[in-house]
Chemist: 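Below is the structure I would like to discuss, written out as structure tokens.
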Amino acid sequence: MRTIKVLAIIGLAVALVGVPALAASVTIKITETQQRQSGVLAIQVDTQQPVCISVSAQSPSQLAQDIASRLNGTAREDQFTISASSIRLGTSTPGQPCQLNNPQELFGPGKGVGSKVTVLGLTFEIVSLPTLTEWGLIALAVLLAGGMGYMIYRRRPALRPAAP
């Protein structure tokens, strides 16, 4: 019985650490403001080097496609989806190596759905928080099934000695 409790605790600890690590993607919507400008947009995902994208007269959907292709994500209409735990946006000097000037935190600890950042007259808004990948869902299902199995095992009636 003690072994089952130890395995249950170890399994729970692994699941609590592993399931959030399997977070998938963040979806960001792009909209234009009245003060739309041309320039170089710099995006830093997690602690990677910033990626610079030239912004001129593209529509938000074209810009979403460009950002998604540069950051290994997917785009649909005026939204793009990328894997990230933090995202910072800013500008960069044209003709210079890509640098993140005037960084603004779009996504990270304490930032969730509805957080907005406006850069170069474009508003970037988080429209969905990270969800679990297929593997995260499988890990969560195994955790729940293991918990159910443990509860069923605990409710089993004790064996009684045979009558003399």
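Index from 1, following the sequence.
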Chemist: Please, which pairs that meet salt bridge (Lys or Arg N to Asp or Glu O under 4.0 Å) have at least one residue in residues 137-149, sequence neighbours excluded?
Modeler: none

Chemist: If I compare all heavy atoms of Q37 with all of V55, which pair ends up nearest, and what's the gap?
Modeler: O-CG1, 4.1 Å

Chemist: Can you tell me which residue pairs pass the salt bridge (Lys or Arg N to Asp or Glu O under 4.0 Å) test with a partner in residues 89-103, sequence neighbours excluded?
Modeler: none

Chemist: List, one per line, each side-chain donor-acceptor pair under 3.5 Å for residues 92-104, sequence neighbours excluded.
Modeler:
residue, atom, partner, partner atom, Å
S92, OG, Q99, N, 3.2
S92, OG, Q99, O, 3.3

Chemist: Any side-chain heavy atom of I28 within less than 4.5 Å of one from I126?
Modeler: yes

Chemist: Quick one: pull up CG in L89 and NZ in K116 and give me the separation to the nearest 0.5 Å.
Modeler: 14.5 Å

Chemist: List the steps, then state whether side chain to side chain contact (heavy atoms under 4.5 Å, CB included) holds for L106 with V26.
Modeler: CA-CA 11 Å; L106 174 64; V26 179; over 6 Å; no

Chemist: Please name all residues satisfying side-chain contact (heavy atoms from CB on, under 4.5 Å) with S56, sequence neighbours left out, ordered by chain then number.
Modeler: S38, Q58

Chemist: Apply salt bridge (charged side-chain N to carboxylate O under 4.0 Å, His left out) to E32 and list each qualifying residue two or more places apart in sequence or on a separate chain.
Modeler: R36

Chemist: Any link between F80 and V40 through a network of hydrophobic side chains (Ile, Leu, Val, Met, Phe, Trp, Tyr) touching at under 4.5 Å?
Modeler: no

Chemist: Tell me which donor-acceptor pairs under 3.5 Å the side chains of residues 62-70 have, and how far apart each pair is, sequence neighbours excluded?
Modeler:
residue, atom, partner, partner atom, Å
Q62, OE1, S59, N, 2.9
S69, OG, Q65, O, 3.4
S69, OG, D66, O, 2.9
R70, NH1, C52, O, 3.0
R70, NH2, C52, O, 3.3

Chemist: Could you pull out all residues at least two apart from S85 that satisfy side-chain hydrogen bond (donor to acceptor under 3.5 Å, both in side chains)?
Modeler: D46

Chemist: Would you list the atom pairs, donor with acceptor, under 3.5 Å between side chains in residues 117-124 and any protein atom, with sequence neighbours excluded?
Modeler:
residue, atom, partner, partner atom, Å
T118, OG1, T123, OG1, 3.2

Chemist: What pairs with E105 under side-chain contact (heavy atoms from CB on, under 4.5 Å), at least two apart in sequence or on another chain?
Modeler: S86, R88, K111

